[in-house]
Amino acid sequence: MIDLIHTYWLYFLVGQYPQGPLGGVALTVLLAGFALLLSMPFGLAMGLARTSGRRALRWPATGLVYLVRGIPLLLVVFWTYFFLPSVTGHKTDQFNTMLIALVVFDSVYLGEIVRAGIQGVPSGQYESARALGLGHGRAMRSVILPQALRSMLPSLVNQFVSTIKATSLGYIIGLTDTSFIATQINTQVFTKAPQVYLLLSLTYFILCFGLSRFAFALERRLGRRTSSPSPAAAAGPAA
Amino acid sequence: MIEFNNVNKWYGKYHALIDVSEKIGKGEVVVVCGPSGSGKSTLIRTINRLEAIDSGSITFDGEDIHAPGVDINRLRSRIGFVFQQFNLFPHLTVLRNCTLAPQAVGGLSPAQARDKAMALLERVGLAHKADAWPSELSGGQQQRVAIARALAMAPPLMLFDEPTSALDPEMVGEVLLVMRDLVRDGMTLVVVTHEMGFARDVAHRILFMDQGRILERATPREFFDHPQHPRARQFLADIRTPNTAAD
Amino acid sequence: MPGFDLALLLHGQYHEWLVAGLLVSLKLAGVVLACALPLAIVIALLRLAPHRALRAIGATYVEVIRNVPLLAHLLFWYFGAPELLPDAVKEKLYAGNFEFIAAAIALTLYAAAFMAENIRSGIRAIPAVQFEAGRALGLSFLGAMRRVVLPQALRVTVPPLLSQAIIFWNDTSVATVIGVGEMMYQGARVETASFRSAEAFVFITAAYLAGSLSLTALGAWVQRRWPVRTF
């Protein structure tokens, strides 16, 4: 197994870059990070809509949550992959397909995290802000959200872990991510399948476990337990 | 200043406020008391619309508070409200707690808001804690900051919803002191409280409530020495000699 | 894009493919649920056991399984694991319906890790004094668990478990990567054969939504019928 690592480590980490597109672990982390970042504004909007007093905002948001959580991420990927080209006029590459699908998914899950965060702030805070004469928007901005966001930090990190795992689905549409590269290595080496796939698992494990521990440390430092019972399980699809 | 006109409120089937009518004049200090569940907190919370009403009207300086289309934020900036649970903003310093509303709603510049806040903190005896975080303060100190925060908008009316009920006994005094100070300055106060000593010494009028109605209105002397309504008498008796032979 | 042809969904070859796919998805989900739940209870109890070694085994299982994506699990069990077996066994495996078996193994192990955490949280939600009261009456660790804690924990655990079930119903889709003939596989197959993917994907979307929403409704009903009663 050591010589496997020795021969292929660079390929595994960055794919064919710079002689080709970026791949491997670097691609996985970049894709996940980028997707999560892009999802944040949408996630915030979703969370606010879900906790809004106005039905016109709350119902569509709730409907969207039930829809997206009720179907596999892979299905969203397939919809994007097969249909976006006919809508936009040109073929979407694998990276952008995965990115769009992940943003759709993460926005909904982040929205739920934001919602939990907002609902976790004691109701007296909102009341006293309004009693001072602050409008709803200002009360949210200056009083509720700052407190909510702080408690959401561990859940955010766990969502990052979920997203990293979700990027593996790119394999199915041919994205040169970590899993794809591993399979390429396997076809080249051919006789060491267990080792290759164990190494693949180990890579994900180091990445994800490391981040989970970081989230756990964050949770402890913030001095409060988050409301979700089991962070990685509550964070969303298991892909 | 405040006028209740046949106010009714329901929580589902529960009739929380029943045909409440009352007038509170400028400069008056009114204490609302009664057994728990009597509706006193609900009543005071309808004044700044933290609770809605189902019928009747409440006017503040002639303006109907519960009418649709009313600028509720502007109204609330003219009514100070002090909660039982203090509700200071934990992510802001004491000073920032007090300057938030004046800057955001009152349109004051940061410097003006700061000066005003410091003066108020001085008045409640906590100027030296201006840069502290709420979590570093005792309950009594937090409540005094809450009072300063409510005063920062220079409201003509202050509402207190059981301001000392959540405090350890040794800290009740410091908060009541601040409230007496406000009375001395001629502020209009409506206070829901169990602190009968405060009521007796400071209030101009006492409203006794039970099961959603105002049953008795009297000066403190009349109320404590010659209560009229049987339930008022029961309430006072229960306070003075706790009923150990109950059940 | 050519017009949406509902007839395609209702009869003909593509319809048969999709329905066959749905049946495989349901079968896979059923097998996983049946096998994962008992395993999850075992892991949860391991994590709560009085012996440190047992707790470590449970914790290691959960952390290792959870931090690796399902896709990698599937690849390992289908491509990697058989290589560890003698050739004769390997031949027989690949000749039969090994894709389904590998998917079932991967999904079961994966689901059990998450469900174990839900169960563990549910058990921990029951005040420790309940367990102590059971032990004080003379029950063993397992006895106290079985008779005192688990019955109470069940009510608390059912809602999160149902949420988890929705996630795993959706996760059966990933099995397509190793060639299991479930819905996504069939959908892609229809697309390749007919270049008409809209109808197939609408079918698949409806099927997954039906499953998820039924489970959600079931959860709501359970919570109303058997509400969590605390002190």
Could you measure the distance from the [atom1] atom of [X] to the [atom2] atom of [Y]? Nearest 0.5 Å is fine.
{"X": "A:Leu200", "Y": "C:Phe79", "atom1": "CG", "atom2": "CZ", "result": "12.0 Å"}
{"X": "C:Ile65", "Y": "A:Phe205", "atom1": "CD1", "atom2": "CZ", "result": "10.0 Å"}
{"X": "C:Glu83", "Y": "A:Gln195", "atom1": "CD", "atom2": "CD", "result": "9.5 Å"}
{"X": "A:Leu73", "Y": "C:Ile167", "atom1": "CG", "atom2": "CD1", "result": "12.0 Å"}
{"X": "A:Tyr197", "Y": "C:His73", "atom1": "OH", "atom2": "NE2", "result": "14.5 Å"}
{"X": "A:Leu74", "Y": "C:Ile204", "atom1": "CG", "atom2": "CD1", "result": "9.5 Å"}

Around [X], counting heavy atoms of other residues, nucleotides and ligands shown, do more than 12 lie under 6.0 Å from its [atom1]?
{"X": "C:Lys27", "atom1": "NZ", "result": "no"}
{"X": "A:Phe214", "atom1": "CZ", "result": "no"}
{"X": "C:Tyr185", "atom1": "OH", "result": "no"}
{"X": "C:Phe131", "atom1": "CZ", "result": "yes"}

So which of [options] has the largest heavy-atom pair count under 4.5 angstrom toward chain C?
{"options": "A:Ile172, A:Leu198, A:Leu67, A:Leu75", "result": "A:Leu75"}
{"options": "A:Pro194, A:Ser179, A:Ala182", "result": "A:Pro194"}
{"options": "A:Cys208, A:Ser201, A:Pro72", "result": "A:Pro72"}

request  = Can you tell which part of A:Thr183 gets under 4.5 Å to a heavy atom of chain C, answering side chain, backbone, both or neither?
outcome  = side chain

request  = Heavy-atom distances under 4.5 Å only: say whether A:Phe209 touches chain C with side chain, backbone, both or neither.
outcome  =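 A:Phe209 touches chain C through backbone and side-chain heavy atoms alike.
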
request  = Examine distances only and state if a side-chain atom of A:Lys165 and a backbone atom of C:Arg66 form a donor-acceptor pair shorter than 3.5 Å.
outcome  =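 Pair found, side chain donor or acceptor close to backbone of C:Arg66.
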
request  = For the pair C:Asn67 (side chain) and A:Ile206 (backbone), establish whether a donor and an acceptor sit closer than 3.5 Å, ignoring hydrogens and angles.
outcome  = no

A:Phe78 and C:Phe201 aromatic ring geometry - parallel, tilted or perpendicular at 30°/60° bounds = tilted

message = Give me the atom names and distance for the closest heavy-atom approach of A:Ser168 to C:Pro69.
response = OG-CB, 3.5 Å

ask   = If you take all heavy atoms of C:Leu209 and A:Tyr66, which pair is closest and at what distance?
value =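 Reported closest heavy-atom pair: CD2-O, 4.1 Å.
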
ask   = Using a cut-off of under 4.5 Å for heavy-atom pairs, which of C:Ile166, C:Leu74, C:Leu84 has the most such pairs with chain A?
value =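 Between C:Ile166, C:Leu74, C:Leu84, the count favours C:Leu84.
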
message = Quick check on the interface: out of C:Leu213, C:Val177, C:Thr176, C:Thr216, who has the most heavy-atom pairs with chain A under 4.5 Å?
response =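 Looking at each of C:Leu213, C:Val177, C:Thr176, C:Thr216 in turn, C:Val177 comes out on top.
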
message = For a 4.5 angstrom cut-off between non-hydrogen side-chain atoms, does C:Val174 reach A:Tyr171?
response =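 No, side chains not in contact.
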
